[in-house]
Structures are given as C-alpha cells and as structure tokens.
2 protein chains.
Amino acid sequence: MSARQVTLAEVAKQAGVSLATASRVLNGSTRQVSEELSDRVLRTAEQLGYVPNASAQALARNSSSLVGLVVHDITDPYFSCIAAGVTRVAEEAGLVVVLGTTGRRPEREVELLSTLRAHRARAVVLAGSRTTDRASQARLAAEIDAFTEQGGRVACVSQAKLGTDTVVPGNRAGGRALARALAELGHRRFAVLGGPAELVVARDRLAGFKAGLADAGIAPPVVVNGAFTRDGGYEAALELLASKSRATCVFAVTDVMAMGAMAALRERGVRVPEDMSIAGFDDIPTLRDTVPALSTVRLPLEEMGEIAAGLVLDAGGDEARTVRVAGEVVLRASTGHNILATT
Amino acid sequence: MSARQVTLAEVAKQAGVSLATASRVLNGSTRQVSEELSDRVLRTAEQLGYVPNASAQALARNSSSLVGLVVHDITDPYFSCIAAGVTRVAEEAGLVVVLGTTGRRPEREVELLSTLRAHRARAVVLAGSRTTDRASQARLAAEIDAFTEQGGRVACVSQAKLGTDTVVPGNRAGGRALARALAELGHRRFAVLGGPAELVVARDRLAGFKAGLADAGIAPPVVVNGAFTRDGGYEAALELLASKSRATCVFAVTDVMAMGAMAALRERGVRVPEDMSIAGFDDIPTLRDTVPALSTVRLPLEEMGEIAAGLVLDAGGDEARTVRVAGEVVLRASTGHNILATT
DNA sequence: GCGTGGCCGGAAAGCGCTTTCCAGCGCTGC
DNA sequence: GCAGCGCTGGAAAGCGCTTTCCGGCCACGC
C-alpha cells in the first residue's frame, strides 16, 4: 500500500519543465509563466493528483497556514459559538484551525501556545478567560511574547492581555444594565451566583451588577461563588437556598450556570419566576428554547469569534487594537415582577 | 522585532556539539548520547528557548502530529461533545487537532480531507453524517482512499465508510427500543420528525422506530421531514400540527430537533406531555435541564469521540474495525402515559 | 599484542518546496 | 546595427530537521 506521494518534482518532470516553473504555476508566484507551460503543468498536476506538501511549503516559506484556537471546553456552548465564528473566518481565508482545549488549566494554555509556536502557527485566538493568578499570568505573557516575537499574532476574547488585539464584551456594562432592568421589575433583594473569584470575566460581570444595584439605590447582593459550569451553578444555588437568603432575584454570571441553578431551584420546589426570578449572561442559542425562557444579557458570540479571527488575520499596525461589543439585556419569562416590592 | 527563531543548529553550535547529537538529545532517538553532552544540549536548548520547528520535523520524518476532525457544525452540541472526546485523546497522545467544519456541504468535506492530506495529517475523524447522494459519496470515497494511500488513517463516527474504522451508534436499535417504550406508555398514534431524507443517520433512526412500532402492532407513523437542526424541528412540528395529525406522541430524530419542536408546540398552545408526548435522540448534556425533561435515547457522545480517536491513533491491522455503542432509552417528563389508550 | 565488536559523535545527504540568481531571447530605441 | 531592457525558464541554494553512514575509541578475548 502507501503509494508514495506525488511530489512537485514528479509533476515537473512529467510535464517536462523545471521544478521552479512547476512551483510558479502551482502556487501563483509573482512571476509569469507562459500559458503553454502553465497549462501543461496544471494538467499533469491534475492528472497525477498532486497535492502540495504543506509542511514543506511552510518550511520553505517560513510561515504556515495554521491558526490556533484555544478554549477551555469545547462542549461549553459559549466556546463552541466563538469557535464557530473563528473557524468560519479562518476557513474563508484558506487557513486551517487548530483546536486546543485547556480544561481550564492555565498551564495547559501555555503548553498549547508553545505547541502552536512549534508549528509556526500564523496566529492564535485565546478564548479562555483570564485569571488573576500572578504566576500563570506571567508565564502566559512570556509565551505570548515568544509567539509574537516569532512573527505570530495573538488575539484574545474577553481578556485584555498586554499587547494583544482583544475583543472585549461589555461584561461590566451588561451586568450593570441587567441589574437596573431587574430593579425596575421591583426586585430589591438580590443574590449572585458568581464564578470562581479569580476569573476576571466573572468579577467584571459581578462588579457591573453591583454597580447597577447601587445606581438603583439597592443593597449589595449576597454572593455565592461556584465553578463556571452548569454544576457550579447548581451547587451555588443549593448553597444559596441553604443560606435562607431572602433574595427574590438571582443573577447567575453565566447562562450555563443559570441552567444549573434553575435545576436546583426546581428540585427544591422553588418556582421560577413566581418564587424566585433568575437571570443569566451570554444568551446561549442552544438554551433559548428552555422553559421558563431565561432572561439574560445577549452577547453576539459567533460574531465575537469572527471579529477575533479578523483581528488576528489582517496584519494591522503595531499597537494592540481593542474591539468592544455590547451586551444587550433581554428580559424573558425567568424574571417576573416582584409584587411585594417595597421602597 | 521578530527576533528570528532559535534553530537546532544554533543550539548545537552553542553547546559545542554536532547537529546530529543535538537532534538526538532533543527528541529521543534510538541512539544514545553520553550524559555529559546530553546535559549540555538540554541546558543550552532551555537557555536559548529552543522550540523545534514542527514543519521541518514533519518534512524530515515524513509524518506530522496533526489529527483532523471534521464536523458539520461545532455549535451543535452533538458535534461539540464528540469533539471533546476526540481532542482529549489526541492531546493525551501529544497530537494536535485540526478542526474543520463543513456547514453540511458534502463538497466541503472533500476539500477538508484534501487539505488535511496536504498537511500530511496522521489521521482524521469524520464525524459528519453520511448522505445517500451517490456522487458526493464517490468523491468522498476517492479522497479517503487518497488519504489512506498516503499513510493516513481515517475513522468515521456513525457512517460506515468502506475500509475505514467506524464507531457505530445503535441508531436503529435505539429507535426501535424507544418505539417500544413509548408504545408501553399507551401511545398508539405516532408521528416522526425525520431529518433530511438523504441522511443515513436519520433514516436509520426512523427505520428502527418503525420497526419498534411494528413489533408492538402499531400502525406506521406519520413522517414529516425537516432540516437536522433546531429550526428544522420547529418547522416540521408546525407542519405536523397543520396536518391535523391525530398523533399523541412525536419522535424527533434528534434532541436538537426535539427542542425546536417543543418550542413550536408551546407556541401553538399544545402542552407537553399532556396534549402531546415528545421524545428525541442523543441525550445532549446541555439539554438535560430543560423542562419538561426530554425523553430520549442516550448516546455516549464524548466516549464515541474518544473511541474514534483511539481507533484512528493506534495503528491496528489492515481491516476496518467497527465499534458499536448502544443507545439507552431514557424516559423523562416529556413523554406521558396515554390515558386514552385503545387496543 | 592485536583483531573484533560495540558505542558514540559528526558529516552529510536528503525531505519537498520556494526563491534568488543567472542565462537566453526577442524587442525597442537611437 | 547594436546596446540594453524586459521577460521567461532553469539551476541551485537554502528552509530546519532526521537519519544513514562512517570513523574513532574503548573494551574485550584469544
């Protein structure tokens, strides 16, 4: 088996031209080749089923057609939406997407970046969330530097890294707007199911939410932290219930967490929104059909992926660009009016 | 900027050894190198921040560390779960996953395979569903042949392609078991929201379901075809309602379609399960918290991805292996007893 | 004491492609 | 009529690595 691969040399020989000519025909260099030879080469290439060896090209050109995409968990709809945006843009540009998953371990992010560097990836989109841990931050920054030094470009989604292009969702503003909208529904006592304390995204959303409450002259919320996952939301909600909090409305910093929280409430016989209103963040498409429909802050996730890919693919100047995308509050059935509203 | 990349040659020179020795140290060849030199090389490599050029390695070794993964839509939880399984196994094996999305266009699948071939990918997992269209089948088969000829391995999920390893979920058996289980709830008139007629997966599930009904002595279901997506389910359900079918239970061949269908029913004021029972297929984890909880046939999606990756990564013999994974009927709240059950 | 292996280092030949450089040729312009 | 230019084709030098092959060294055995 394993009929050896057709090489450019074979095509050239078969077509009776030099290696150089064949190469020029088959990849559109700046140089012209007469139509006759060009035709001949094209035809023989076709006939022999020639496929260029991407590694050899990458080596000779010193640049590959790989684009990295680093996410925590491709199963999480948040990331898969972003991934969809990134792949669409990359594929249109004729590039190939390398998917790396970190499982939320910072060191894995560094490893992946290093691997991507080994492959001379042209660019990489970091979609994971930034943590506040100093040490891993520093290692990541070093790796990013190495990557850019080598000529690669890096863009981040939602984590402003020094010197990289970034797509920044309005986490803070979204949280704030949501808090106000919920206050307008008459709620006065809030709880928040926050993500891990060290996650910047979670902190921003929480901070915005608190600010919004303050705007409305409402006391700060009870905050229960949990993992940034469905189960995290579930556990945090149970904890909240156990704490006998008197909150009438709970904000889960993520739709996925909100789903977990709703499951917990349901199990405990707490009705949504009658007994408790709940809101999330992200507006995950897959979850739009749930009952009761989840109030949330909509983020254009796929578009964010596209923007990130766009940033990272067109060279751009030297300085880091930042694209802000706004979140839009969407109130649905999971949040009701609080009839008991007092001052 | 762009401090040029550290090469093996530089490391070797700096360490005062030959290129060969440096290479042997830094990638564990069969040959031994004295501890002294080895240490020296390791140290300088570390010091200089040496990262091997993967393209050059791939070229020299004539094999890369890339594994392809082809899906229709990474946003679809079905695929993202499989993707998670594949990436986990691949990353453990020190390989890098290239993600390609087809947008359900068969020709795109062929293109991707060809790109993967150009990159000398070591293996590829095809997770897309097979269609019955002759022409695209043939082109795909040709491309697969070319890929394997070149030494790459191919595995498919749920589509038995000639000569490739395959992970086959029990679509037929699952559909059949589901039909029987629903019949036992007393339902006698069924409808099916089938996927596109040319999708083998959809057909198998439908065929199994029909067989199950036949087992129970029940008349064949009304079948409405729609796209293999949430919207497809939504549309199909509307169409079903418009047809004034008297079905008391509807089977959507996919959980995602079932979600769309439930949305349609809800909009039309049809209660689930009181007025209409509904069941899906796949048991998508993200959808497990929906209300009413969806009855379905559970497939171990991540595991299927892992198995596929495992098949494609360990060489195996020459003949195609097939691993069957069973679906498990899970009845939840979306299917109720049919109290009006007659014969 | 010398022949014979076994080991380890290094030189060098690729891997398949790109790209520079040079040679040849037909034109134009004076 | 010839210098000079622009254009096309080919030879060849890499790109950074792996791996074969060879040569030198040491240890061992007779």
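Just so it is clear, the model here is predicted, and its values are computed rather than measured.
Regarding B:K13, its NZ atom lies at a distance of 21 Å from the P atom of C:dG9, rounded to whole Å. Across the protein-nucleic acid pair, B:L37 atom CG and C:dC7 atom P stand 17 Å apart, rounded to whole Å. Atom CG in A:L59 sits about 12 Å away from atom P in C:dG16, given to the nearest Å. To the nearest angstrom, C1' of C:dG14 lies 16 Å from CD of B:Q57. As rounded to whole Å, 11 Å separates atom C1' of D:dC15 from atom CZ of A:R120. The CZ-C1' distance, from B:R117 to C:dG16, rounds to 15 Å in whole Å. In this entry the distance linking CG of B:N53 with C1' of D:dC17 reads 8 Å, nearest Å. Between A:R40 atom CZ and D:dG9 atom C1' there is a gap of 12 Å when expressed in whole angstrom units.
For the pair A:E109 and A:R139, the salt-bridge criterion is not met [side-chain N within less than 4.0 Å of a carboxylate O].
One N or O on the side chain of B:R105 and one on the backbone of B:T102 form a donor-acceptor pair closer than 3.5 Å. Between the side chain of A:R122 and the backbone N or O of A:S64 there is at least one donor-acceptor pair closer than 3.5 Å.
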For residues 13-21 of chain B, run the donor-acceptor check on the side chains, cut-off 3.5 Å, and write out each pair with its distance to 0.1 Å, sequence neighbours left out.
residue: B:S18; atom: OG; partner: B:A20; partner atom: N; Å: 3.3
residue: B:S18; atom: OG; partner: B:T21; partner atom: N; Å: 3.1
residue: B:S18; atom: OG; partner: B:T21; partner atom: OG1; Å: 3.1

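The terminal axes of the helix from C:dG1-D:dC30 to C:dC30-D:dG1, fitted over 5 pairs per end, subtend an angle of 50° to the nearest 10°.
Of the options A:T148, A:T164, A:D314, A:D165, a side-chain hydrogen bond (donor to acceptor under 3.5 Å, both in side chains) to A:R153 is made by A:D165 and by none of the others. With A:L112 as reference, A:V70 is the one residue of A:L126, A:V70, A:L99 to meet the side chain to side chain contact (heavy atoms under 4.5 Å, CB included) rule.
Where B:E35 and B:A56 meet DNA chain C, the nucleotide closest to each residue was compared, and B:E35 sits on the side nearer the 5' end. Summary of the strand contacts: A:V51 and B:Q32 both lie near DNA chain C, and taking for each the nucleotide with the nearest heavy atom, the more 5' one is attributed to B:Q32.
Atoms CG and CZ, on A:L37 and A:R24 in that order, are 10.5 Å from each other to the nearest 0.5 Å. Atom CG of B:L59 and atom CD of A:Q57 lie 11.0 Å apart (nearest 0.5 Å).
Close to C:dG16, at under 4.0 Å from its OP1 or OP2, lies no side-chain N or O of A:Q5. Within the structure, every side-chain polar atom (N or O) of B:S55 is placed at least 4.0 Å from both OP1 and OP2 of D:dG16. Within the structure, every side-chain polar atom (N or O) of B:S34 is placed at least 4.0 Å from both OP1 and OP2 of C:dC7.
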> If the sugar-phosphate is the primed atoms plus P, OP1 and OP2 and the base is the rest, what is the B/S/- string for nucleotides 19-28 of chain D, using protein heavy atoms under 4.0 Å?
Replying inline: BBB-------

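Between the side chains of B:N27 and B:S23, at least one donor N or O lies within less than 3.5 Å of an accepting N or O.
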